[in-house]
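Below: the structure, in structure tokens.
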There are 2 protein chains.
Amino acid sequence: MTNMETNQVTFAKALADEHRQEIMQHLCCVWCSVSDIVDKMGGKVKQPTVSHHLKILEDANLVFIREEGRHRFYTLNQEHFNMCCGMLVRTFAPDYNDQLIPPESIPVE
Amino acid sequence: MTNMETNQVTFAKALADEHRQEIMQHLCCVWCSVSDIVDKMGGKVKQPTVSHHLKILEDANLVFIREEGRHRFYTLNQEHFNMCCGMLVRTFAPDYNDQLIPPESIPVE
DNA sequence: TTGACATATCGACGTTTATCAATATAATGA
DNA sequence: TCATTATATTGATAAACGTCGATATGTCAA
């Protein structure tokens, strides 16, 4: 393993495809089987392609997976997604890192 | 123009390369000429490659450019970077979107 | 005006990636 | 058991991408 890429690059690569982002939208807040996603993609891509994209999302830790019989259900891992975006902002937009304020720092009235 | 890609895909593609991310780090909070960057990359890539990467960042609106004589200075556009990350979180991590609160929504005491 | 410097562009090359048809694997129901 | 369904894997193909040497373009200094 000579050329291990960083988390931030893995994350960016996972997002760097139109169809993959559309799949991610379909998996946001919802559990879907592979064939569900194929249907939702409306013929734009075939089943093996969807499986391929899901594998990339899985390798990037961007989906949770639940196996049930012959089905495999996927949903978006929002927590990890949020964490990656946080890292990106801290790395590449440090001037804006303070512009969002964590709720616990706000005094109750 | 049949196949215009979304902002979020353009943004992700711009980040989806190890060397490009390293260049972005070198441009964060600092103005650099092209040859400055070539030097900072320590021989990993040549000048035409750096120019190529800078063009991709420029097309993604991720750098500010200042021309000065025969030099071209670049620096990271943190505001746009931050905005893109915000869009991504709203799109793909809506459950975490409320965990950070914009300052203007907080009443002064 | 000339030569050196800074950067962008071009053209070629090898690698990576997205895609699909075909097939393998595995679970289900008849 | 057997046909069907759901998904993953394989192998092939084309397109996209990163890289560099060579070169074009433009600026500066002597």
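Keep in mind that what you see is a predicted model, and the values were worked out from it rather than measured. Convention: sequence-line order gives letters A, B, ...; per-chain numbering from 1.
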Interatomic spacing from [atom1] in [X] to [atom2] in [Y] - rounded to 0.5 Å:
X        : Y        : atom1 : atom2 : answer
Glu79(B) : Asn61(B) : CD    : CG    : 9.5 Å
Ile23(B) : Lys44(B) : CD1   : NZ    : 9.5 Å
Met87(B) : Cys85(A) : CE    : SG    : 11.5 Å

d([atom1], [X]; [atom2], [N]) in whole Å:
X        : N       : atom1 : atom2 : result
Leu54(B) : dG18(D) : CG    : C1'   : 14 Å
Leu57(B) : dG18(D) : CG    : C1'   : 14 Å
Glu67(A) : dA26(C) : CD    : C1'   : 11 Å
Glu18(A) : dA15(D) : CD    : C1'   : 16 Å
Glu58(B) : dT7(C)  : CD    : C1'   : 12 Å

Touch class at under 4.0 angstrom, heavy-atom based, for Phe73(B) against every strand present: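 The answer is nothing, as Phe73(B) stays clear of every strand by at least 4.0 Å.
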
Protein proximity profile, nucleotides 16-21 of chain C - base contact B, sugar-phosphate-only contact S, no contact -, cut-off 4.0 Å on heavy atoms: -SSBBB

Minimum-distance nucleotide (side-chain atoms of Arg70(A) versus dT9(D), dT9(C), dA6(D)):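 Looking only at side-chain atoms, Arg70(A) lies closest to dA6(D).
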
Parallel, tilted or perpendicular: ring planes of Phe92(A) versus Phe81(B), cut at 30 and 60 degrees: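 Correct class here is tilted.
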
Working for side-chain hydrogen bond (donor to acceptor under 3.5 Å, both in side chains), residues Thr10(A) and Asn7(A): CA-CA 5 Å; Thr10(A) 302; Asn7(A) 285 341; 5.2 Å; no

Presence of Tyr74(B) side-chain N/O under 4.0 Å of dA6(C) phosphate oxygens OP1/OP2: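 No, no such contact exists.
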
N/O (side chain, His71(A)) to phosphate O (OP1/OP2, dT7(D)) under 4.0 Å: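 True: His71(A) side-chain N/O within range (under 4.0 Å) of dT7(D) OP1/OP2.
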
Charged N-O contact under 4.0 Å between Glu22(A) and Lys40(A):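 The answer is no: the pair does not qualify as a salt bridge.
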
Check ion pair Arg20(A)-Glu18(A) (N to O, under 4.0 angstrom):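 Here Arg20(A) does not pair with Glu18(A) in a salt bridge, since their nearest N and O are not under 4.0 Å apart.
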
Validation row: Leu15(B), Gln21(B) side chains within 4.5 angstrom (heavy atoms):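 Yes, close enough: below the 4.5 Å cut-off.
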
Heavy-atom side-chain proximity of Phe64(B) to Trp31(B) below 4.5 angstrom: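 In contact.
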
Between Thr91(B) and Gln8(B), a side-chain donor and acceptor under 3.5 Å: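 Yes, because at least one side-chain N or O of Thr91(B) sits under 3.5 Å from a partner of the opposite role on Gln8(B).
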
Side chain Arg72(A) and base dT7(D) donor-acceptor under 3.5 Å: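 In this structure, the two groups form no donor-acceptor pair.
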
Please write out the pairs of protein N or O atoms and N or O atoms of nucleotides 11-13 of chain D separated by less than 3.5 Å, giving the distance to one decimal.
none

CD/Glu5(B): more than 12 non-hydrogen atoms of other groups inside 6.0 Å: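 Enclosed: over 12 neighbouring heavy atoms sit under 6.0 Å from CD of Glu5(B).
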
Contacting residues from residues 34-42 of chain A, given that a heavy atom lies under 4.0 angstrom of DNA chain D: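 Nucleic-acid contacts, sorted: Val34(A), Ser35(A).
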
